[in-house]
Amino acid sequence: MAKDSIQPRRLPKDYKSEVKPTWCPGCGDFGVLASLYQALAQLQLDPTKTVVVSGIGCSSRLPFFVETYGFQTAHGRVLPVATGIKIANPELTVIAVGGDGDGFSIGGGHLVHAVRRNPDLTYVVMDNEVYGLTKGQTSPTSPLGFKTKSTPFGSADAPINPMAWALASGVSFAARGFSGDPKQLAELIVEGIQHPGFAFIQTMSPCPTFYNTFDLWRARIEDLPPDHDPTDRMQALAQAFRDDAIPVGVFYREVRPTLESHTRVSAHPLKKNGPEFDVRSLLETYR
Amino acid sequence: MAKDSIQPRRLPKDYKSEVKPTWCPGCGDFGVLASLYQALAQLQLDPTKTVVVSGIGCSSRLPFFVETYGFQTAHGRVLPVATGIKIANPELTVIAVGGDGDGFSIGGGHLVHAVRRNPDLTYVVMDNEVYGLTKGQTSPTSPLGFKTKSTPFGSADAPINPMAWALASGVSFAARGFSGDPKQLAELIVEGIQHPGFAFIQTMSPCPTFYNTFDLWRARIEDLPPDHDPTDRMQALAQAFRDDAIPVGVFYREVRPTLESHTRVSAHPLKKNGPEFDVRSLLETYR
Amino acid sequence: MFVETLLLRMGGESGIDNVISAGDILTLSVARSGYHVHTFRTYPAEIKGGPVMFQLRAGVRPVPSLGDQLDVLLAFNEEAWELHHQALRPDGVLIYDLGEHDAPQGFNGVTYGIPLERLARDLNLRKGKNLIALGALCSLFGFDFQELQATVKEKWGKARPEFVESNRIALLAGYQWVKDHIQEEVPYRLAPPDPTHEPELVMSGNQALVAGALAAGCRFYAGYPITPASDILEEMARRLPGLGGAVLQTEDEIAAISTVVGASIAGVKAMTATSGPGFSLMQEMLGLATMAEVPVVVVNAMRAGPSTGMPTKMEQSDLNIALYGGHGDAPRIVLAARSVEDCFYQAMHAFYLSETYQMPVILLTDQSLSHRTETVPMPDPNLVPVVERLRPSPEEYASYRRYALTESGVSPMAVPGIDPTPFTATGLEHDEYGAPNYTPAMHTAQLDKRGRKFEVVAEALCGIQPPLGCLSYGVPEEEAEVGVLAWGSTAGVVRETVEELAAEGYPVTALIPAVINPLPAQRILHFARNLKAVIVPEVNRSRQFAAWVKAHTELPLISVNKYGGLPFTPAEIRAKIMEFLVTRPTKELAQEVTYG
Amino acid sequence: MFVETLLLRMGGESGIDNVISAGDILTLSVARSGYHVHTFRTYPAEIKGGPVMFQLRAGVRPVPSLGDQLDVLLAFNEEAWELHHQALRPDGVLIYDLGEHDAPQGFNGVTYGIPLERLARDLNLRKGKNLIALGALCSLFGFDFQELQATVKEKWGKARPEFVESNRIALLAGYQWVKDHIQEEVPYRLAPPDPTHEPELVMSGNQALVAGALAAGCRFYAGYPITPASDILEEMARRLPGLGGAVLQTEDEIAAISTVVGASIAGVKAMTATSGPGFSLMQEMLGLATMAEVPVVVVNAMRAGPSTGMPTKMEQSDLNIALYGGHGDAPRIVLAARSVEDCFYQAMHAFYLSETYQMPVILLTDQSLSHRTETVPMPDPNLVPVVERLRPSPEEYASYRRYALTESGVSPMAVPGIDPTPFTATGLEHDEYGAPNYTPAMHTAQLDKRGRKFEVVAEALCGIQPPLGCLSYGVPEEEAEVGVLAWGSTAGVVRETVEELAAEGYPVTALIPAVINPLPAQRILHFARNLKAVIVPEVNRSRQFAAWVKAHTELPLISVNKYGGLPFTPAEIRAKIMEFLVTRPTKELAQEVTYG
Ligand SMILES: Cc1ncc(C[n+]2csc(CCOP(=O)(O)OP(=O)(O)O)c2C)c(N)n1
Ligand SMILES: Cc1ncc(C[n+]2csc(CCOP(=O)(O)OP(=O)(O)O)c2C)c(N)n1
Ligand code: SF4
Ligand code: SF4
Ligand SMILES: [Mg+2]
Ligand SMILES: [Mg+2]
């Protein structure tokens, strides 16, 4: 999160790249992108020291639209790739983004392990409860009975609860926002980036083309109760399990050692600041 | 769970196959195997209608030692394979087994989804908090600071909490047993098999060769409190998060529709009981 | 002028002009009038918005390829003109939206302005522009308007009865406007259909493939969405439950193939379908199916790679991974469908082979084949035997050995809950009973067993005939000078070009196997024995099929490769053949045929 | 009699007889005395218990293979005798545990009973039996006892100082017992070592590979345990933190390769290692590395497959997946290490190529190479250049194009946090800047760019010399009649056999490339130009290397395949060569050499 002192203050629009979003008009992901620009500007992050990483999906197109380093990887692999980047160079701000399918379905196995290792990443999941890019199939967060082309008789699989899942896996920062409220979302992203450890930010980001939940969600979204204690994992879990509303805000926050604090690469080959090493000294031990 | 009425009552030893276990002397998995024989006998399960499925690991050798149908699959794939078997023929009793590495590391992505779909499987994980078969590396349940050949300076990754994870993912039956108490474990397995839905049974099953936890665990294991309410997921989670002891018993139990109730194959090709089908009637719709 | 085929393209904005749905309905009505059809479409990179294109090629005789230059271009907007005008023949027909955009400049063919948008506005039919266009096309080109009206009513009326009347009005508006305003005759019109030709089915490759799989007895499907295989999942999800089968959308492709392996172990014919990235992920479990000898069918609908590549574009570049993708000595049967019709037959074939030999069968298709529609004569499911796997007989119960070292390599496979002979299947090397066994002798014997099965397949497939075996086109091989050896969906364009050249009197022939592994090497050698040149066109850069054929036959092959995400056109194939043709037909013959 | 090589095997019960640790210590002390060594070991299927075997082949000159018949068998128990007696030469030496089991019957060579167990019991050294055996062997065969004592003290003393004294006593007890009870001379003794030969290093293939990777600048490693690659992870975990690098044990192999790709994007040389099943799982991410042009090194330590197969056995059957495993047109550089020493050089080579050409490099080894130890002359890291990837120069900053269509195909790769030129890497097809682009022209151009890089590699590698290039053995090619073309760890046994035959006067030669893709086809054709027969031995069933060579050279090749999980022996290679040799050496020559 280095600031470049010569550079004039960057505005949100300065983080816009030349590639124009290919999203449908009205897609919730526009709100998330706007919040991200806002957050980057608020933190004055250096585009040459920031990497936005994604998997595959509509939401995973986001890195192309941001004027920082970016990497659109393979479907579901955003977290291990982002972890590799962060370990290799902990000075980078690494922001992982993607969809509910990318993160909770094919990538679900990585989430748990990223969370427990606690690399200092911010992971913004654009949850639209549907597969957008592949044209509207059921996703792991789709509601029971959801009818799509892949589930014409209604989905029989109970949806997962990503917030509860992240909390139970030991996440050190967990928040939920709504792309319909980009101001709050930007604040959550700022907090997530500032959090020293893995920050999980579930953003409710509707897909008007295949599952238009804007009104439904707007009606159900409310702030976490004012007395919510974000240092209490059980309280956070209780909020995650609520079905009377969709609470937004910071569910949980805890500071514990990050992965890089153990495993950071200090001998970065391109920075050449490691100890002198002549392999012959190692080889001599085999005599 | 059909009983064969002509057959005399089967004893636990009748479920022993001719393949002798290759486990180290004193391995916790012997206790799990004994409990399984016991449970199979108690339920008088028909060996020709029972399938024991596993991944790869010391624990995943178990199917060879049981005189039922078995399938040792690939590392981490026990649950999707078991799910396929169950959907294809719901009359079968399908028991999935494996280790902590198999189930929570490489197979972790499947656990969440099996759990939410709720196929009527019993999944017995032999958790020894280490990789046995590959000779003693850190596993996802190994304690922080655990020193092994793969983590000579101590593991930096916080262990996962499989019980909390399963509960947060919406598991319909969750229990924990100890291979040092095969009697209780057998009861838990019986309950798990009888439970109509996905039954997750974490068995604490030490690996004396690479991480001998018998005494440590015996000292910390205790029954769930007598007033524990296994219908209350939050209570179950609280028990899962306890670090003063290792509670054993049934953490949670709930009956909800199984996967097969939606998706069972009634037109099993070998049983030929599906509707008559001439593809030409389907083809005619393309005129 | 009456023509034998007419190639018509419509281009517009996705989500606004409803180009694809209009195209599909026009296609069906034209096919119902007795023509053959072959469609092609491209989707925008965007989900909504972006340029979209649909092209219909219709003919009096079969139209196996997407054709070359456009006879007709209907541009809903200026962008469509920009994108497609280079594909339009100089003397072609251009139709544009009069009043909405200016008549495109620099085109010397026939141009018609039709006020599509204005008519829609006047009639207050915001979404009716595409139907107005269809009515107009019908009127201009003399398609059967009654058939079009009936088709629209039948196909869209059911889902949306409230629109039946406005649809009728829209069609009529376009039809009538042309009648009222355009008197001159269009330069091209399709010759009347062959009255003896019964209208055929109109299906996509994916639809035909699902039908074939169901005909073969597939009753379980697991899959994860991926373009262009998603609609196999979707079609299965619609069809299977009604047939007592089941479909599972899994969390990823590894789970899909794993679930399919599980269902098959439990005795159900099971399949999954995916595309490149998902297919890469399935390699380990395919190895388990080889080792544990579990029948499974895996469809790989190829798209442009590597990696995520270009999901909506076609390519024939996954042959190598299909043949060689697993670790260890793990041979697999690989089939490649050659047309929409062949998707049906090869799907049946895949199940036949997989159940008979207890091994994975890979069926390759590609994006162009998956998504295009074609007229298909009603397939005959009886041309492919439907088999059940070999199971232990009662005499074998007492000493049952799942992995018995039989002569053919095929050993009886007991099924839990059905056969009283428990055993444990495994991906470890094992003895005849299935118990782990790492002795050199047993590993050698079991590798030989699994390999022997493969050799038995090769023998059994020797000499199989169409529709499953090699297809040949053009002049008889012994009379030919140049031969084209092709695979997969490139078959269509090769067939068309070679048949045309042969009809023109050129000594050209073609051979197109469906079974890629085991390769019918003897058949190919026989095909090539008198040829001066064997041309192998394929849509990839690395000549994957040519290398595979060469490894088996040592034939000198002439590769023609194209790799931009689009199929070959007849002109490209023709040009390559011409390069190697020495003999030219006599003038008389040539004329006669060109006229015919 | 003095012999040039001695082959000694110890067999016992895992966890009881400590055969492996005894073998390793004996090996080191023998090597320190100036001999060359080559070891081989087999593990039981069980983790604890089960039969275990260690074999040491020591020689006055290099011993590149595991040898043929045993000269000496030390059987700690009766099972060891049962398992191994067939490998013992009829006139060999058998040592058994006197008093614990009866002298094995039916053996006509020399038999010694030594009361290993009883001595251990008497001395109250329950775990000292293996050291007693070592002392006895030392005494019998005249190995340097001081060296043995010093080695034991140095290697085991540090970890367990409390056992230094009892170890000393145990060694001495065995040594003395033999001195006291066995007067006769053993039939074979190693000739004294060459006094001018400096003792070499003793390493396993995995250890040499890690050293090579570290020498090349690898500073990040991610991996998931799997036999026989686990000790690469473990060795890296021990070494890298001290060098400012990092190691991550990931949740699976997909995460391992993904993390490595991430670390490389961030500018760190990164590697993972696995074996067949894990390698199958990595295919999709390898395709991303190809498409996004990310340098990564992936080691595949092959074991017997397919599927889980036989994890502790060797095989050379993952060549196909290494060459062809990804979907799409995704060529990869494939290297195969030929000896323990070569593991060092090829690891350096892999990084050199991967960083230079910005693509994945696959380095193949196998279980026998990974786990065996060999004497290795101190490698010279300066023989392989250590390079950093091409990055944008300040002049290029303003108009930086990550995927510029350069002539060589290699385009400057900016690194986040280091270069001021942000771009987005992607697995989608893209334009020169990295933005998604699905036009036919761009896909073709970028496929050509990636393909061109590959052609540039082929050219650059043309004519590279050992240690990286092809190794040749035996008589000069132009004088040879039969040639052996081999790859990977089969190199050792081919070298030994061919050198021996050549020394005996037979016109035999061998060529062994390390770079498998791009294959040095010209070099191979040159090698084969005068040969009557080219023999290709490989440990797999499907002749993977032979097929690959054939695809590039059309040479008629004679395959020799073995697939039981064990490497070839010199006798097997010799027999095959003899089949095709017409010329026999003159008698004089032959005799001279046999004596030498
Ligand atoms: C291995 C693999 N499998 C499947 C796909 C096809 N695919 C692309 S995106 C996607 C899911 C998109 O859903 P989500 O992650 O929720 O993103 P959204 O489009 O909804 O933002 C799928 C299945 C792929 N690209 N790679
Ligand atoms: C794809 C793949 N990766 C790695 C391995 C190697 N492997 C076999 S078992 C195992 C882990 C065993 O640990 P666990 O599941 O806890 O079982 P345990 O042996 O402790 O009972 C590993 C990593 C493999 N067989 N396949
Ligand atoms: S399909 Fe849905 S998620 Fe994708 S861009 Fe359109 S609105 Fe957004
Ligand atoms: S290594 Fe551990 S888990 Fe494996 S058999 Fe031995 S004691 Fe059991
Ligand atoms: Mg989504
Ligand atoms: Mg374990």
Side-chain angles (χ1 to χ4, degrees), chain A residues 17-19 22 47-53 56 61 63-64 66-89 91-92 109-110 112-113 117 259-260 262-271 273-275 277-280 282-284 286-287, chain D residues 32 199-203 207 211-212 214-215 217 219-220 222 239 242-248 250-252 254-256 258-270 284-285 287-288 292 376 378-379 381 388 391 414-428 435-436:
Chain A
S17 83
E18 279 170 24
V19 180
T22 40
T48 73
K49 296 203 164 70
T50 304
V51 194
V52 183
V53 191
I56 301 289
R61 280 266 176 152
F64 292 110
V66 185
E67 189 58 29
T68 61
Y69 275 95
F71 193 4
Q72 188 193 36
T73 67
H75 192 35
R77 311 307 166 199
V78 54
L79 290 180
V81 174
T83 302
I85 294 173
K86 186 70 187 178
I87 298 179
N89 188 354
E91 285 163 25
L92 299 173
H110 305 305
V112 189
H113 293 278
R117 290 191 192 112
L259 177 63
E260 312 85 75
H262 301 282
T263 51
R264 57 190 299 160
V265 176
S266 63
H268 195 291
L270 302 180
K271 304 200 228 155
N273 46 358
F277 172 61
D278 183 338
V279 72
R280 276 166 288 220
L282 166 59
L283 289 167
E284 279 299 342
Y286 291 104
R287 277 211 204 268
Chain D
R32 285 176 167 185
E200 300 183 342
L201 314 179
V202 177
M203 308 179 80
Q207 288 168 334
L214 296 178
R219 288 299 175 271
F220 181 74
R239 308 288 182 189
L243 301 176
V247 166
L248 194 67
T250 51
E251 57 272 25
D252 60 17
I254 298 178
S258 300
T259 312
V260 161
V261 167
S264 180
I265 272 276
V268 171
K269 290 183 185 166
E284 196 206 358
M285 283 304 288
L288 175 65
V376 172
M378 176 58 97
E388 304 305 338
R391 302 219 318 283
V415 172
I418 309 256
D419 297 304
T421 44
F423 76 99
T424 293
T426 173
L428 291 174

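Order of the sequence lines sets the chain letters (A, B, ...), proteins ahead of strands, with each chain counted from 1.
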Quick check: closest heavy atoms across [X] and [Y], and the distance to 0.1 Å?
X        : Y        : answer
D:Pro422 : A:Pro47  : CG-O, 4.0 Å
A:Ala74  : D:Met285 : CB-SD, 3.8 Å
A:Tyr69  : D:Val415 : OH-O, 3.4 Å
D:Ala266 : A:Ala88  : CB-CB, 3.7 Å
A:Val279 : D:Pro381 : CG1-CG, 3.7 Å
A:Phe277 : D:Ala215 : CE2-N, 4.2 Å

*Can you list the residues that meet the side chain to side chain donor-acceptor pair (under 3.5 Å) rule with D:Thr421, with sequence neighbours excluded?*
none
*Counting heavy-atom pairs under 4.5 Å to chain D, which of A:Thr263, A:Asn89, A:Val51 comes out on top?*
A:Thr263
*asked:* Between A:Glu284, A:His262, A:His75, who has the most heavy-atom pairs with chain D when the cutoff is under 4.5 Å?
replied: A:Glu284
*To the nearest 0.5 angstrom, please state how far the OG1 atom of A:Thr48 sits from the CD1 atom of D:Ile418.*
10.0 Å
For [X], is it the side chain, the backbone, both, or neither that has a heavy atom closer than 4.5 Å to a heavy atom of chain A?
X        : value
D:Ile265 : side chain
D:Val247 : backbone
D:Ala222 : neither
D:Ala270 : neither
D:Phe220 : side chain
D:Leu214 : both
D:Arg219 : both
D:Pro416 : both
D:Asp419 : both

Picking from [options], which has the most non-hydrogen pairs under 4.5 angstrom with chain A?
options                                : result
D:Leu243, D:Ile254, D:Val260           : D:Leu243
D:Ala414, D:Ala263, D:Pro379, D:Gly287 : D:Ala263
D:Gly267, D:Ala435, D:Ala292           : D:Gly267
D:Gly244, D:Ala211, D:Gly212           : D:Gly244
D:Pro199, D:Gly245, D:Gly242, D:Ala255 : D:Ala255
D:Ala425, D:Gly217, D:Ala246, D:Pro420 : D:Ala425

What part of [X] gets within 4.5 angstrom of chain D, counting heavy atoms only: side chain, backbone, both, or neither?
X        : result
A:Val265 : both
A:Glu260 : neither
A:Leu270 : both
A:Arg280 : both
A:Leu283 : both

Close side-chain approach of [X] and [Y], heavy atoms under 4.5 Å:
X        : Y        : answer
D:Phe423 : A:Thr68  : no
A:His113 : D:Asp252 : no
A:Pro80  : D:Thr250 : no
D:Val376 : A:Tyr286 : no
A:Arg117 : D:Leu248 : yes
A:Arg61  : D:Leu428 : yes
A:Thr73  : D:Leu288 : yes

*Reference residue D:Ser258; test side-chain contact (heavy atoms from CB on, under 4.5 Å); the match among A:Thr83, A:Val81, A:Leu79*: A:Val81
*Short question: side chain of A:His110, backbone of D:Glu251 - any donor-acceptor pair under 3.5 Å?*
no
*asked:* Could you check whether any side-chain N or O of A:Arg287 sits under 3.5 Å from a backbone N or O of D:Val202, counting only pairs where one atom can act as donor and the other as acceptor?
replied: no
